[in-house]
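Structure record follows, encoded as C-alpha cells.
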Amino acid sequence: MTTQALTALTFGGNSWTPQFVQSIDQSLCIGCGRCFKSCGRSVLMLRCLDEEGQLIASDDEEDEEYERKVMTIAAQQHCIGCQSCLRACPKNCLSHAPLSL
Ligand code: SF4
Ligand code: SF4
C-alpha cells in the first residue's frame, strides 16, 4: 500500500505540503525562545531541566533550582506545519515531517 502525504493549497492555488514538528534536540537547544515566539499555535513550551537532564514538573519549576531551560513540544496536535519555528531557530534543533495519510 502506498502512503500519501497530506497536502494543502496556497492562496494562489499551488500545492503545499505542511511539515509538522516532530522533535526537538534538547542537547542543542539553548532555550532562547525564538521558536516559541514564532509559533502562532501554542505548540511549544519552555521547560526546566535539573542537573541530571530530567524535566522538572511544571508545578515545581518556581520552587526548584534548575540547570537550564529547553524547548519542548507541549501540544503537537495544534501544529499546522508552517515550519516558522525551524526558520527562527539558530541551532537547528527542530525536526519536521509531513503527515502520511
Ligand atoms: S511548524 Fe508552525 S505551527 Fe508547528 S510548531 Fe512550528 S511554528 Fe508552530
Ligand atoms: S529556537 Fe532553537 S535553540 Fe532557541 S529555544 Fe527554540 S529550539 Fe531551542
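All ligand and atom numbering here is 1-based and tracks the order in the structure. Since we're looking at a predicted model, the values are computed, not measured.
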Contacts of type side-chain contact (heavy atoms from CB on, under 4.5 Å), residue Q4, not counting sequence neighbours
none

Does any non-hydrogen side-chain atom of L94 lie less than 4.5 Å from one of D25?
no

For A75 and S42 the tightest heavy-atom approach is CB-O, 3.8 Å

Subset of ligand 2 atoms that lie under 4.0 Å from at least one heavy atom of C89:
1 (S), 2 (Fe), 3 (S), 7 (S)

Here the gap from Q76 atom CD to L44 atom CG, rounded to the nearest 0.5 Å, amounts to 10.0 Å

protein heavy-atom neighbour closest to atom 1 (S) of ligand 1 works out as Q83 N, 3.1 Å

Ligand 2 to G31, heavy atom cutoff 4.0 Å, flagged ligand atoms 5 (S), 8 (Fe)

I need the atoms of ligand 1 closer than 4.0 Å to a non-hydrogen atom of H96, numbered in the order shown.
1 (S)

Drop me the distance from R68's CZ to I30's CD1, to the nearest 0.5 angstrom.
10.5 Å

Which heavy atom of the protein is the closest neighbour of atom 3 (S) of ligand 2, given with residue, atom name and distance?
I30 N, 3.5 Å

Which residue and atom name correspond to the protein heavy atom nearest atom 4 (Fe) of ligand 2, and how close is it?
C32 SG, 2.3 Å

Which atoms from ligand 2 have a heavy atom of P90 less than 4.0 Å away?
1 (S)

Please round to the nearest 0.5 Å and tell me the distance separating atom CD of Q22 and atom SG of C79.
8.0 Å

What residue and heavy atom of the protein are closest to atom 8 (Fe) of ligand 2, and at what distance?
C29 SG, 2.4 Å

For C93, take its heavy atoms, then give the atoms of ligand 2 lying under 4.0 Å from any of them.
2 (Fe), 3 (S), 7 (S)

Please tell me if the side chains of T17 and L99 come closer than 4.5 Å, counting only heavy atoms from C-beta onward.
no

Inter-residue atom distance W16.CH2 - C82.SG, 0.5 Å rounding:
7.0 Å

Roughly how far, to the nearest 0.5 Å, is CZ of F36 from OG1 of T72?
10.0 Å

Atom 8 (Fe) of ligand 1: protein N, O or S atoms [distance under 2.8 Å]
C39 SG

Using 0.5 Å steps for rounding, measure from the CD atom of E65 to the SG atom of C48.
11.5 Å

